[in-house]
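Notes to accompany the following structure.
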Amino acid sequence: MARISMLFVLGIVLIPSCFSIENVVETARAANLTEFVSVLKEAIDQGLVDLSTGGPYTIFVPNNAAFAKLTPEDLQLLNNDASEQQNVLQYHVVKGEQFSWNLRDGQILHTANGHSLRIYTTVTGDKNVYVNGAKIVSTDLEAMNAVIHVIDTVMDVPIGSIYAVSRGGDYPLSTFADYLDKVHLNRTLDTEGRTKYTVFAPSDEAWTNLNPLVLQHVASSANYLRELVQYHIHPGTLHLKSLDRNGSISTLDGRHQISVSVDTDVHLNRVAMLEETDIDCDNGVIHIIDHVLIPSSIGNLIG
């Protein structure tokens, strides 16, 4: 999360030189985005702003409350790492003007540093709009060569592939990564390209809690094991805000789907709950779950 803190420092980096930086600053100041204004002006003073590239752009700007969520380490990085600053900013900047009436559920936007953002609209309550996991709280603030949407969270810049994040040690996913190796899906989930995935990855504890006889049975067949792992992978990106309704999710195991039921929490197959959500990766998103999901074909064999 530290990597995202400087988002706005360069929030103007991509505005062409024929337009005025002050216009964006004044637009942000008028919207009481004082943390953004402070960081932006500091960046200008340090010569971190490059106005040579054309627009127009859409900028997703976290509000003051979003800055307040950052840890002291995040704030320290904000002032000390110019390359991270640029990377974070570019993740919040989209080429082209996307006004609120253009944003639609499931829409994919491509950021200035080559990543993808997905728009979600909730179907219950107030029908809010989200970009990845960040709620859009104010829209259509027009500035020179840009439109600003204010969000309530500083979005995390992806830090590697799904496989790299699973294997990396920051999350309790080493067992899941081991099974990706065994069924030869490690390369698939380590490839960064147009294809994106959502992985509902059981935690290490979830694998430990699985009945040993069940695991022994599944592990006895390469086909069973591959089917089990594929059952936890959806082709496409689904952030938490798309899981706010009852329904089903397709998987790489094309014969079986994951059921979604929602009350005060989100339940998968009525047994698994989400422990950690929206871990953005270069080729998709990971949600950590507290149970191993068993497709019915394997469940029937187990009895």
| message | Donor-acceptor check, side chain of D290 to backbone of P202, threshold 3.5 angstrom: yes or no? | response | no
| Exam field: side chain N283 to backbone L189, donor-acceptor pair closer than 3.5 Å | yes
| query | Distance only, no hydrogens: is a donor on one side chain within 3.5 Å (strictly under) of an acceptor on the other, for Y130 and D105? | reply | no
| said: Please tell me whether L293 and L210 are part of a single hydrophobic cluster in this structure, the criterion being side-chain heavy atoms less than 4.5 Å apart. | reply: no
| request: Calculate, to the nearest 0.5 Å, the distance between atoms OG and CH2 belonging to S174 and W207 respectively. | output: 11.5 Å
| said: Could you check whether any side-chain N or O of N132 sits under 3.5 Å from a backbone N or O of A134, counting only pairs where one atom can act as donor and the other as acceptor? | reply: no
| message | Let me check something: do L238 and I286 share a hydrophobic cluster, defined by ILVMFWY side-chain heavy atoms less than 4.5 Å apart, either directly or through other members? | response | no
| query | Are V214 and Y179 co-members of a hydrophobic cluster defined by side-chain heavy atoms under 4.5 Å apart? | reply | yes
| message | Does E205, at its CD atom, have more than 12 non-hydrogen atoms belonging to other residues, nucleotides or ligands within less than 6.0 Å? | response | no
| said: Given H239, which partner from the list D280, T198, T277, D278 fulfils the side-chain hydrogen bond (donor to acceptor under 3.5 Å, both in side chains) test? | reply: D280
| Side-chain donor or acceptor of R118 paired with backbone N/O of T237 under 3.5 Å | yes
| task | Establish, from distance only, whether the side-chain atoms of S248 and Q257 form a donor-acceptor pair under 3.5 Å. | result | yes
| Could you state the interatomic distance from CD1 (I119) to CG (N102), rounded to the nearest 0.5 Å? | 10.5 Å
| request: Determine whether I289 and M273 make a side-chain contact, defined as any pair of heavy atoms from C-beta on separated by less than 4.5 Å. | output: no
| said: What I want to check is whether the side chains of E227 and S297 have a donor and an acceptor closer together than 3.5 Å. | reply: yes
| said: If I take atom OG from residue S250 and atom CD1 from residue I233, how far apart are they, to the nearest 0.5 angstrom? | reply: 12.0 Å
| message | Looking at T58 and G96, would you say the former's side chain and the latter's main chain have a donor-acceptor pair under 3.5 Å? | response | yes
| So, K69 versus T153: side-chain donor-acceptor pair below 3.5 Å or not? | yes
| request: Scan side-chain atoms only and decide if T34 and N64 contain a donor-acceptor pair under the 3.5 Å cut-off. | output: yes
| message | So, taking the atom named CG in L225 and the one named NZ in K182, what distance separates them when rounded to the nearest 0.5 Å? | response | 7.0 Å
| Will you find, in the side chains of D181 and Y163, an N or O donor that is under 3.5 Å from an N or O acceptor? | yes
| message | Taking M155 as the starting point, is it possible to reach L240 by hopping between hydrophobic residues whose side chains are less than 4.5 Å apart? | response | no
| query | Name the one of H291, H232, H267, H287 that satisfies ring pair (Phe, Tyr, Trp, His ring centres under 6.0 Å) with F200? | reply | H287
| field | Main-chain N/O of S100 paired to D140 side chain as donor or acceptor, under 3.5 Å | value | yes
| request: Report the C-alpha separation of S161 and D282 in whole Å, then their side-chain angles, then the decisive distance to 0.1 Å, and conclude whether the side chain to side chain donor-acceptor pair (under 3.5 Å) test is met. | output: CA-CA 5 Å; S161 69; D282 289 325; over 6 Å; no
| Side-chain donor/acceptor of D152 to backbone N/O of I136, under 3.5 Å | no
| said: Is a donor from one side chain sitting under 3.5 angstrom from an acceptor on the other, for T71 and E73? | reply: yes
| remark: Rounding to 0.5 Å, atoms CD1 (I162) and OG1 (T191) come to a distance of 10.5 Å
| field | Any V262 side-chain heavy atom under 4.5 Å of D244 side chain | value | no
| task | Using only heavy-atom distances, determine whether the side chains of N246 and S261 contain a donor-acceptor pair under 3.5 Å. | result | no
| field | N269 and S259 side chains, donor-acceptor separation under 3.5 Å | value | yes
| said: Before you tell me yes or no, could you show the steps for T111 and N113 under side chain to side chain donor-acceptor pair (under 3.5 Å), namely the whole-Å CA-CA distance, both residues' side-chain angles and the distance that decides it to 0.1 Å? | reply: CA-CA 5 Å; T111 70; N113 55 353; 2.6 Å; yes
| field | Donor-acceptor pair between T251 and D253 side chains, under 3.5 angstrom | value | no
| Any idea how H149 and F60 line up, ring-wise: parallel (<30°), tilted (30 to 60°), or perpendicular (>60°)? | tilted
| query | Should V165 and V229 be counted in the same cluster of Ile, Leu, Val, Met, Phe, Trp and Tyr side chains packed under 4.5 Å apart? | reply | yes
| said: Salt bridge check, R167 against D178: does any charged N sit closer than 4.0 Å to a carboxylate O? | reply: yes
| task | Can you measure from NE2 (H217) to CG (L228) and round to the nearest 0.5 angstrom? | result | 11.0 Å
